[in-house]
Participant: 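Next up is a structure, given as structure tokens.
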Amino acid sequence: MKLCAASVFNALIFRKRGMHLAVIPFFLILSLNTTASFAVMVPPAEQSLEEQIQFIDQEIILLRAELAQSNQDIPALKRYIKQLQSIPLAPVFQSRLSALESFLLQDREEKPSELEFKLPHDGGQVVVLLPLSGDYAVAGQAILKGLKLEWPFSKPFTVIDSAIYGSMVELWELVKLYEPDFVIGPLNKQNIIAWQNLETQISTLYLNQPVYQFEYEKALSPNKKLGLTQLEAFMEATGLENILVLESNYLTAQNLQKQFKQAWLNQQKDRFYESLTIKEGIHQTMKKALNVQRSIARKNWVQKSIQQELEFEPRARKDLDAVVHFSSIDEAIQIKPILDFYHLSDAYSLWYPSIYPSSGELQSQQNAWQQTYGFLPPYLTKISEANLMDGSDEPESGLFYALGRLAAEIVKNPRLNLSNQNLNRSDLGEVITDENGVLKILPSVFWLDEQMIQPVNEYQYPFE
């Protein structure tokens, strides 16, 4: 079967895909200022039917790209060019693609980027993209509740359930109708990547951490790796130099340890660093790390040599300023008692959770804590008596509710675009901008001891 010019033209208008018909409006073809003729669009006669259909598909994408060019829709043009560059394009279309690429390059040179992250204003149009159904519905609903509670503007925001759309392109087509000045969301990381590919050029506050950010984007999200800045600063402030680092036998803890080690070694100071993975239980791991196991082994050798029982107290190493542990709560509460048992009471116990416990877990373990500094989001320390009975977290005191409240508070902070700023104290922790203007949420420092969980108010994150 071969396609004539007329059938090719019809195929451009209606292209069967399974049981669906993709419609390319006739005005789209007529409105383009292009040198392509219908003769050019005819697929080579020697091609198979599938190859001819692929040829037509390429023509359709090109037509869309050229329409985006004529409408000065640069984000859409970039998307279509990327799509064309990712497929084996027919040679006859190469000159048209090159013309589009040249136009885009020239447009960038003539119009240097003046984009910036602009805060919303009273009366502006804000669109919030949250998953209010599906797998992330509980998180989305909690964020929305916090947003509504603290929203600082008289004009309410528009909420769209991002979970009901098959793609961010489809969602973007709806969002554009609202002509937003500001977007909050998406939440899911994959959706953020897809949203960034659209290059909307609208000021956007993501509620998760993307790999990179455009000038008009910010990201507000608890991130354990970014939060390590607080641990590093605390150790610097307290002059701790010789440290033992313990990590749970989980990927999250191991990644945190690697990140922390890199930052520690980058200081290029004469300091000691040793790390060990908790594999055989916390006590066995500590005995090995503190050289207690070696001391016991020496005692056993001497006893065997002289064939006599000895009075013995194991000796631990004395060169440690602190034990840093990326661990679970059950492991963390054992560290300081073990240090005290081996006469290392002067060594700090610094707990940076690899996985945050629930509020109920943290409160129920109060009696077990001994002189430990914990790096925690404050919402974990806020719990009602009712929650203590069933061990659950209220939405009003959970992570996502706190994130919604913080997002509402932060969008009116005039210092949000400045570098090295302490912006806000929140239930998620201390919100700062670093030297590059990137938002970080740092966990707060808490003192855990004698049935108490209290903030270390005398410590403040230091800015250079």
Side-chain angles (χ1 to χ4, degrees), residues 224 228 231 234-235 238 240-258 260-261 264 272-304 309-358 360-376 380 391 443 445-453:
K224 286 193 176 72
L228 285 171
L231 174 61
F234 180 84
M235 297 184 70
T238 48
L240 303 176
E241 295 186 344
N242 301 316
I243 63 172
L244 169 67
V245 181
L246 302 179
E247 61 191 58
S248 294
N249 195 20
Y250 295 103
L251 184 60
T252 302
Q254 292 166 8
N255 288 339
L256 286 172
Q257 187 274 135
K258 290 176 183 175
F260 177 65
K261 180 179 182 180
W264 182 265
F272 174 80
Y273 185 103
E274 181 180 338
S275 63
L276 201 62
T277 302
I278 304 169
K279 292 182 178 179
E280 303 172 317
I282 192 65
H283 200 170
Q284 283 298 112
T285 302
M286 286 286 285
K287 284 169 69 175
K288 181 179 179 181
L290 299 176
N291 290 340
V292 171
Q293 202 66 51
R294 292 183 183 179
S295 179
I296 295 173
R298 287 194 296 270
K299 182 265 297 185
N300 291 338
W301 180 82
V302 171
Q303 280 190 166
K304 186 176 180 180
E309 288 289 329
L310 300 175
E311 289 189 13
F312 169 75
E313 183 177 350
R315 295 178 60 186
R317 61 195 296 180
K318 302 294 183 182
D319 61 335
L320 294 178
D321 295 329
V323 176
V324 179
H325 33 111
F326 301 106
S327 61
S328 68
I329 186 171
D330 293 329
E331 293 164 336
I333 59 177
Q334 301 178 60
I335 300 291
K336 189 60 178 177
I338 293 173
L339 288 172
D340 292 345
F341 179 78
Y342 290 117
H343 308 294
L344 298 174
S345 302
D346 291 339
Y348 282 58
S349 172
L350 306 179
W351 176 42
Y352 196 98
S354 54
I355 299 175
Y356 287 135
S358 68
E361 279 184 290
L362 188 63
Q363 298 289 337
S364 66
Q365 297 280 16
Q366 280 194 30
N367 294 342
W369 288 111
Q370 292 184 28
Q371 298 180 331
T372 296
Y373 288 99
F375 296 79
L376 304 166
L380 286 177
V445 184
F446 286 87
W447 178 245
L448 313 174
D449 183 46
E450 297 179 354
Q451 305 180 33
M452 294 187 303
I453 300 176

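The shown structure was predicted, so the numbers you read here are calculated from the model rather than taken from an experiment. Just the heavy atoms: all of them, side chains too, but no hydrogens, waters or symmetry mates, feed the values below.
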Participant: Quick check: do Val323 and Leu344 have side-chain heavy atoms less than 4.5 Å from each other?
Facilitator: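 Side-chain contact under 4.5 Å: no.
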Participant: To check you understand the geometry: which heavy-atom pair defines the closest contact between Thr277 and Glu247, and what is its length?
Facilitator: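 Closest heavy-atom pair between Thr277 and Glu247: OG1-OE2, 3.0 Å.
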Participant: Are Ile453 and Leu448 close enough that some pair of their side-chain heavy atoms sits under 4.5 Å apart?
Facilitator: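 They are in side-chain contact.
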Participant: Taking Glu241's backbone N and O only, do any of them form a donor-acceptor pair with Asp321's side chain (distance below 3.5 Å, no angle check)?
Facilitator: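 Side chain of Asp321 to backbone of Glu241: a pair is present.
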Participant: So, for Ala289 and Glu274, which heavy atoms are closest and what is the spacing to 0.1 Å?
Facilitator: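 The pair with the smallest heavy-atom distance is O-OE2, 4.5 Å.
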Participant: Whether the side chain of Lys336 engages the backbone of Ser345 through a donor-acceptor N/O pair (distance < 3.5 Å, no angle test) should be reported.
Facilitator: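 Checking the backbone N and O of Ser345 against the side chain of Lys336, a donor-acceptor pair under 3.5 Å is found.
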Participant: How long is the straight-line distance from CD1 of Ile282 back to CG of Asp330, given to the nearest 0.5 Å?
Facilitator: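 One gets 10.5 Å once the value is rounded to the nearest 0.5 Å.
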Participant: Once rounded to the nearest 0.5 Å, what's the spacing between atom CG of Asp340 and atom CD of Gln370?
Facilitator: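 Here the interatomic distance stands at 6.0 Å.
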Participant: Which heavy-atom pair separates Phe375 from Pro443 by the least distance, and what is that distance?
Facilitator: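 For Phe375 versus Pro443, the nearest heavy atoms are C-CB, 3.7 Å.
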Participant: Distance from Lys279 atom NZ to Gln284 atom CD, nearest 0.5 Å?
Facilitator: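 One gets 14.5 Å once the value is rounded to the nearest 0.5 Å.
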Participant: With a 4.5 Å limit on heavy-atom distance, are the side chains of Val245 and Lys261 in contact?
Facilitator: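 With C-beta onward as the side chain, the pair stays apart.
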Participant: Mind telling me whether Tyr352 and Phe326 have parallel, tilted or perpendicular rings, with 30° and 60° as the class edges?
Facilitator: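 Ring orientation of Phe326 relative to Tyr352: perpendicular.
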Participant: Can you list the residues that meet the salt bridge (Lys or Arg N to Asp or Glu O under 4.0 Å) rule with Asp319, with sequence neighbours excluded?
Facilitator: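 Applying salt bridge (Lys or Arg N to Asp or Glu O under 4.0 Å) to Asp319 gives Arg317.
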Participant: Do Val324 and Leu240 have side-chain heavy atoms sitting under 4.5 Å apart?
Facilitator: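 They are not in side-chain contact.
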Participant: Might you point out which heavy atoms bring Phe260 and Leu231 nearest each other, and give the distance in Å?
Facilitator: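 Smallest heavy-atom distance, with atoms named: CE1-CD2, 3.8 Å.
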Participant: Does the Glu331 side chain pair with the main chain of Ser328, one donor and one acceptor, at a distance under 3.5 Å?
Facilitator: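 Between the backbone of Ser328 and the side chain of Glu331 there is a qualifying donor-acceptor contact (under 3.5 Å).
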Participant: Any non-hydrogen side-chain atom of Trp369 less than 4.5 Å from a side-chain atom of Trp351?
Facilitator: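 Yes. Closest side-chain heavy atoms under 4.5 Å.
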Participant: With rounding to the nearest 0.5 angstrom, report the OG1 to CZ distance, Thr372 to Phe446.
Facilitator: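 Rounded to the nearest 0.5 Å, the OG1-CZ separation comes out at 14.5 Å.
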Participant: Please list, chain by chain and in numerical order, all residues satisfying side-chain hydrogen bond (donor to acceptor under 3.5 Å, both in side chains) with Tyr273, sequence neighbours excluded.
Facilitator: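 Result, side-chain hydrogen bond (donor to acceptor under 3.5 Å, both in side chains) vs Tyr273: Gln257.
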Participant: Taking all heavy atoms of Leu380 and all of Pro357, pick out the closest pair and write down the distance.
Facilitator: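 For Leu380 and Pro357, the tightest heavy-atom pair comes out as CD2-O, 3.2 Å.
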Participant: Could you tell me if the side chain of Leu320 sits less than 4.5 Å from the side chain of Leu339, heavy atoms only?
Facilitator: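 When only atoms from C-beta onward are counted, Leu320 and Leu339 do not touch, as no gap falls below 4.5 Å.
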Participant: State, with a plain yes or no, whether a side-chain heavy atom of Gln371 is found less than 4.5 Å away from one of Ser349.
Facilitator: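 A side-chain contact under 4.5 Å is absent here.
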Participant: Taking everything shown except Tyr250 itself, do over 12 heavy atoms lie less than 6.0 Å from its OH?
Facilitator: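 No, the 6.0 Å shell around OH holds no more than 12 heavy atoms from other groups.
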Participant: Can you list everything that forms a side-chain hydrogen bond (donor to acceptor under 3.5 Å, both in side chains) with Gln334? Sequence neighbours excluded, please.
Facilitator: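 Here no residue qualifies.
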Participant: Tell me if a side-chain donor or acceptor on Thr285 pairs with a main-chain N or O of His283 at a distance below 3.5 Å.
Facilitator: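 Here the side-chain-to-backbone pair does not exist.
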Participant: Could you state the interatomic distance from CD (Glu280) to NZ (Lys287), rounded to the nearest 0.5 Å?
Facilitator: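 It comes to 10.5 Å.
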Participant: Could you state the interatomic distance from CD1 (Ile333) to CD1 (Ile338), rounded to the nearest 0.5 Å?
Facilitator: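 Spacing of CD1 (Ile333) from CD1 (Ile338) equals 10.5 Å.
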Participant: In the structure I gave you, are the side-chain heavy atoms of Asn249 and Gln254 within less than 4.5 Å of one another anywhere?
Facilitator: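 Side-chain contact under 4.5 Å: yes.
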Participant: Give me the atom names and distance for the closest heavy-atom approach of Lys224 to Pro353.
Facilitator: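 Shortest heavy-atom contact: CE-O, 3.3 Å.
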Participant: For a side-chain contact (heavy atoms from CB on, under 4.5 Å) check, start with the C-alpha distance between Ile243 and Met235, then their side-chain angles and the critical distance, and finish with the verdict.
Facilitator: CA-CA 10 Å; Ile243 63 172; Met235 297 184 70; 3.4 Å; yes
